[in-house]
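Structure first, then comments.
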Amino acid sequence: MYSKMNRMLTTLMVIGLAAVGVLFYNYFTANNNPVLGDAEAGIQAPDFPADYTWINTPEPLSFQHQLKGQVVLLDFWTYGCINCIHLIPTEERLLHHFSKQPFEIIGVESAKFTNEAIASHVRDAVLRYGITNPVVVDQNMTIWNMYGVNAWPTLVLVDASGHEVGSVAGEAGYHALKRIIAKTIAADRKAGTLAAHPLNLPVQHTLVSAGGLLFPGKIIADSKIHRLFIADTGHNRIVETTWPDALGRCKLVSLFGNGRCGHVDGRARQAEFDAPQGLAVNDGALYVADTMGEYIRKINLQTGNVSTVLGNGHEVYDTTGGGVGTQQGINSPWDLVARGHTLYIAMAGEHQLWRENVLTHRASALAGTGGEGLQNGPADQAMLAQPSGLVLDGNILYFADSENSAVRGLNLKTMKVFTVIGHGLFDFGDKDGGPNTALLQHDLGVAMLGHNILVADTYNDKLRLINPTTRMVSTYAGDGKPGTGKPGGPLKLNEPGGLNVSGHDIFVADTNNQRIVEMNAVTKAWHQLAIAGLAPPRAPMVAKAGKKSSRGEAAVAVQVDPGKTLTLRFDPKLPAFTHLTPDIPISLRLTSGAHVIAEESVDAHGKTPVDFSITPATLAMAKAVGTANLHWQIKVYYAYCTDGAQGLCVPASQSALLTVKMVPGGKSLVALP
């Protein structure tokens with residue numbers, strides 16, 4: 001939890017029943033107002049401003065209308081804050097427990113970072129974390145100021161008559177919240193102010209991409225065994241693929257995890273993970289930071305079996321450690337790197353770096369006091385802020401210190417922490433230059449590119465390059481605006497979360513674009529990986545628009561020129577009063593039998609039609625695996641939203657079947673049927 005008002009570390013953590021009797025205050029507690037004992041003692045809750053963007057609701061909500069008679073828990077959050085993320089499972093439990101009661105949770109996304117104030121990014125975060133309650137985008141922190149909030153997260157309980165019961169800053173415990181909410185519902189029912197029924201609002205659907213990934217978090221490229229390992233975070237699984245060819249095509253080798261969120265060890269396809277992120281290969285095993293599960297998992301790459309080697313499944317605030325295996329609790333492990341018998345862990349929830357002996361499974365804190373801030377010096381006195389990416393370079397363990405928008409290092413010989421780039425919790429931006437002027441914004445990944453540090457500058461939608469000696473920062477890829485880029489042109493990104501470098505190959509987990517990108521470090525030519533055999537773990541809820549399926553359809557015959565780039569033009573058939581979802585790319589997969597010919601994501605900026613490009617090299621490859629007449633199956637995935645400020649968005653797909661003949665002088669543009 002951190003405070004915007006004071007711009008300093010706030011150490012208050014709210015756990016268990018303490019939140020009810022001690023810390024559930026009126027929001028003017030700082031002015032020594034008394035603790036609220038009765039709902040009637042509260043003040044009228046300020047209503048939401050008109051014309052704000054809402055997500056997960058068909059219309060903007062108001063205490064005077066839709067929320068009248070509902071008990072409402074307001075959650076002031078921002079989507080990059082680890083303490084806010086910790087509250088999401090608690091709130092889902094509350095919604096389930098009170099599902100038949102007039103009770104609603106409303107997220108008030110009051111941004112710390114500039115990037116977190118963009119509605120499309122908030123929508124992505126809602127989808128990424130599976131948030132089912134309504135969320136309002138708090139423009140310029142207006143609602144935050146109306147309620148006098150000064151820390152993320154802050155919860156404010158409002159009774160059925162629209163009066164504030166009280167508020168609490170920090171990670172309030174489930175049982176504490178359940179009791180105060182139940183007490184408020186009972187009091188409102190007795191007073192006759194409670195509505196007869198809950199709102200039962202619709203829920204935003206998940207996204208579906210042509211590539212079969214959902215918000216991939218981290219990636220490891222192991223050149224020794226020619227394998228890629230991808231944390232398919234949104235699908236709660238790990239993907240293993242072959243090494244990609246020159247066009248970015250590879251094949252699925254193994255899947256670890258059945259797609260369900262949980263904690264199950266055992267065989268690869270029966271195992272369950274919970275939002276896995278960091279990966280590390282060590283001595284024939286793949287270690288996984290099972291981030292929301294609060295575990296470190298181990299995958300035996302020979303047998304495929306999954307086991308738990310660290311963590312007890314609970315979010316534990318232990319800033320020392322020293323326990324062994326499942327007896328040692330941990331807190332939101334976000335990234336891993338291994339050397340010898342040591343596994344280094346970016347413990348984001350603890351604001352620390354940890355290490356685990358992979359032979360004994362004893363783990364302990366390595367750097368950071370557990371306090372949130374930017375302070376250099378001896379490892380046990382340093383302060384970090386949500387470390388989320390790791391890379392080793394000799395005796396230096398570099399880490400992406402995300403909430404500080406910093407890249408920092410730990411010297412493993414002197415055991416001292418230092419800062420390469422970064423100034424503190426509220427110093428962020430997008431500037432190249434030297435250490436006094438350069439700024440990052442919530443970076444999540446680091447990798448070594450030669451002797452330089454490559455950074456996934458997540459909230460700037462960029463890759464940055466840092467010379468660790470001169471501490472000069474330059475932009476390596478991306479233009480600071482979310483997008484996809486076009487093959488043959490400059491790469492664009494959308495909140496990249498993970499990086500890995502193998503030789504001249506740079507692999508990027510382009511998280512919000514639902515894809516993995518491979519870039520050549522010398523030429524900067526890039527491809528979107530196309531993984532043959534990969535699909536979502538279960539049948540997605542996708543609205544079928546236009547033709548429902550290519551099965552049984554008559555193929556449309558076309559002649560194309562093999563010497564020219566082929567443009568496939570797609571014009572989605574949208575329902576009335578809807579529009580394409582901004583900043584969610586439209587993705588196409590072109591297959592011929594078992595072969596993936598091409599895969600491309602295009603940022604349409606809400607405009608149609610959309611053009612996909614198939615290069616002559618791709619056409620030549622397609623001809624090589626086909627016959628004189630090529631049978632192409634084409635699937636396009638996209639999303640559309642209802643018009644207006646509300647945020648109900650629906651994933652959709654269209655398909656087509658083409659019979660293609662390569663003929664010089666043939667078409668170079670084909671409109672998809």
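Just so you know, these numbers come straight off a predicted model, no measurement behind them.
Gln386 places a side-chain N or O within 3.5 Å of a backbone atom of Gly80 that can act as its donor or acceptor partner. Formation of a donor-acceptor pair under 3.5 Å by the Glu600 side chain with backbone atoms of Ser613 is found in this model. Panel note: side chain Ser402, backbone Pro387; no donor-acceptor pair is recorded below 3.5 Å. Remark: side-chain polar atoms of Ser592 are paired, donor with acceptor, to backbone N or O of His631 under 3.5 angstrom. His527 places no side-chain N or O within donor-acceptor distance of the main-chain N or O of Val517, the cut-off being under 3.5 Å. Of the possible polar contacts, none joining the Glu272 side chain to the Gly257 backbone as a donor-acceptor pair under 3.5 Å is found. Side-chain N or O atoms of Thr618 include none that pairs as donor or acceptor with a backbone N or O of Pro616 at under 3.5 Å. Within the 3.5 Å criterion, the main-chain N or O of Pro333 finds a donor-acceptor partner in the side chain of Thr291. Not a single donor-acceptor pair under 3.5 Å links the side chain of Lys251 to the backbone N or O of Thr241. A donor-acceptor pair is defined here as one N or O able to donate and one able to accept, closer than 3.5 Å; no such pair exists between the side chain of Asn452 and the backbone of Leu465.
A salt bridge links Lys112 with Glu403: the distance from a Lys NZ or Arg NE/NH1/NH2 to an Asp or Glu carboxylate oxygen falls below 4.0 Å. Salt bridge Lys492/Asp603: absent, no basic N to carboxylate O contact under 4.0 Å. With respect to the salt-bridge test (charged N to carboxylate O, under 4.0 angstrom), the residues Asp245 and Arg249 qualify. Using a 4.0 Å cut-off between charged side-chain N and carboxylate O, Lys481 and Asp461 make no salt bridge. Under a 4.0 Å N-O distance rule, the pair Asp290/Arg297 qualifies as a salt bridge. Under a 4.0 Å N-O distance rule, the pair Asp432/Arg464 qualifies as a salt bridge.
Looking at heavy atoms from C-beta onward, Trp54 lies out of side-chain contact with Val137 at the 4.5 angstrom threshold. Looking at heavy atoms from C-beta onward, Val455 lies out of side-chain contact with Leu463 at the 4.5 angstrom threshold. Put simply, the side chain of Ile238 reaches to within 4.5 Å of the side chain of Leu279, judged on heavy atoms. Between Tyr287 and Val337, every side-chain heavy-atom pair lies at or beyond the 4.5 Å cut-off. By the 4.5 Å heavy-atom criterion applied to side chains, Arg269 and Leu255 are counted as neighbours. Under the 4.5 Å side-chain criterion, counting only non-hydrogen atoms from C-beta, Glu518 is in contact with Asp505. Side-chain contact between Val288 and Ile299 is present, with at least one heavy-atom pair separated by less than 4.5 Å. Side-chain contact between Val407 and Phe399: absent, with no pair of heavy atoms (C-beta onward) separated by less than 4.5 Å.
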Take Thr242 and Arg227 through the side chain to side chain contact (heavy atoms under 4.5 Å, CB included) test and state the conclusion after the steps. CA-CA 5 Å; Thr242 59; Arg227 290 288 187 267; 4.2 Å; yes
Evaluate side chain to side chain contact (heavy atoms under 4.5 Å, CB included) for Ile634 paired with Leu672, printing each intermediate quantity in order. CA-CA 9 Å; Ile634 298 172; Leu672 295 178; 3.6 Å; yes
Tell me, with the steps shown, if Ile531 and Val596 meet side chain to side chain contact (heavy atoms under 4.5 Å, CB included). CA-CA 8 Å; Ile531 307 171; Val596 177; over 6 Å; no
Can Tyr459 and Glu116 be said to form a side-chain hydrogen bond (donor to acceptor under 3.5 Å, both in side chains), step by step? CA-CA 8 Å; Tyr459 283 7; Glu116 294 170 334; 3.1 Å; yes
Go through Lys462 and Thr475 one step at a time and tell me if the side-chain hydrogen bond (donor to acceptor under 3.5 Å, both in side chains) criterion holds. CA-CA 7 Å; Lys462 285 184 173 184; Thr475 295; 3.2 Å; yes
Might you work through the side chain to side chain contact (heavy atoms under 4.5 Å, CB included) test for Leu529 and Leu228, ending with a clear yes or no? CA-CA 11 Å; Leu529 294 194; Leu228 302 183; 3.5 Å; yes
With side-chain hydrogen bond (donor to acceptor under 3.5 Å, both in side chains) as the criterion, how do Tyr638 and Gln654 come out once you've worked through the C-alpha distance, each side chain's angles and the decisive distance to 0.1 Å? CA-CA 9 Å; Tyr638 57 99; Gln654 289 180 216; 3.0 Å; yes
Pair Glu495, Asn513 - check side-chain hydrogen bond (donor to acceptor under 3.5 Å, both in side chains), show working. CA-CA 8 Å; Glu495 292 198 358; Asn513 279 330; over 6 Å; no
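Side-chain N/O atoms of Tyr79 and Glu109 include no donor and acceptor closer than 3.5 Å. Side-chain N/O atoms of Ser601 and Gln528 include a donor and acceptor closer than 3.5 Å. Judged by distance alone, the side chains of His504 and Asn520 never bring a donor and an acceptor atom under 3.5 Å apart.
In this structure, CG in Leu286 is found 5.5 Å from CG in Leu301, a value given to the nearest 0.5 Å. Considering CD1 of Ile586 and OH of Tyr637, their distance stands at 14.0 Å, rounded to 0.5 Å. Here CD1 of Ile118 is found 12.0 Å from CZ of Arg123. Values are rounded to the nearest 0.5 Å. Atoms OG1 and CG, from Thr608 and Asp571 in turn, are 4.5 Å apart once rounded to the nearest 0.5 Å. Atom-to-atom distance recorded for Arg237:CZ and Ile230:CD1 is 9.5 Å, nearest 0.5 angstrom. The CG atom of Asp232 sits 6.5 Å away from the CG atom of Leu534 when rounded to the nearest 0.5 Å.
In the displayed structure, Lys431 atom NZ is contacted under 6.0 Å by at most 12 heavy atoms of other residues, nucleotides or ligands. In Lys486, the NZ atom is crowded: over 12 heavy atoms of neighbouring residues, nucleotides or ligands sit closer than 6.0 Å.
Paired with Leu619 under the rule side chain to side chain contact (heavy atoms under 4.5 Å, CB included), one option of Ile614, Ile597, Thr565 passes, and it is Ile614.
Across all their heavy atoms, Leu491 and Thr484 have their closest contact at CD1-O, 4.1 Å. In terms of heavy-atom proximity, Tyr476 sits nearest to Ala521 at OH-O, 3.1 Å. Pairing each heavy atom of Val446 with each of Tyr398, the nearest pair is CG2-O, 4.0 Å. Lys218 and Ser388 make their closest contact through NZ-O, 2.9 Å (heavy atoms, listed as atom of the first residue, atom of the second, distance). The two residues Asn133 and Gly107 have their closest heavy-atom pair at ND2-N, 3.5 Å. In plain terms, the two heavy atoms of Pro585 and Asn512 that are nearest each other are CD-O, 4.2 Å.
Aromatic ring centres of Trp243 and Phe229 lie farther apart than the 6.0 Å criterion allows.
Using bins of under 30°, 30° to 60° and over 60° for the plane-to-plane angle, the ring pair Phe612/Phe570 lands in the tilted bin.
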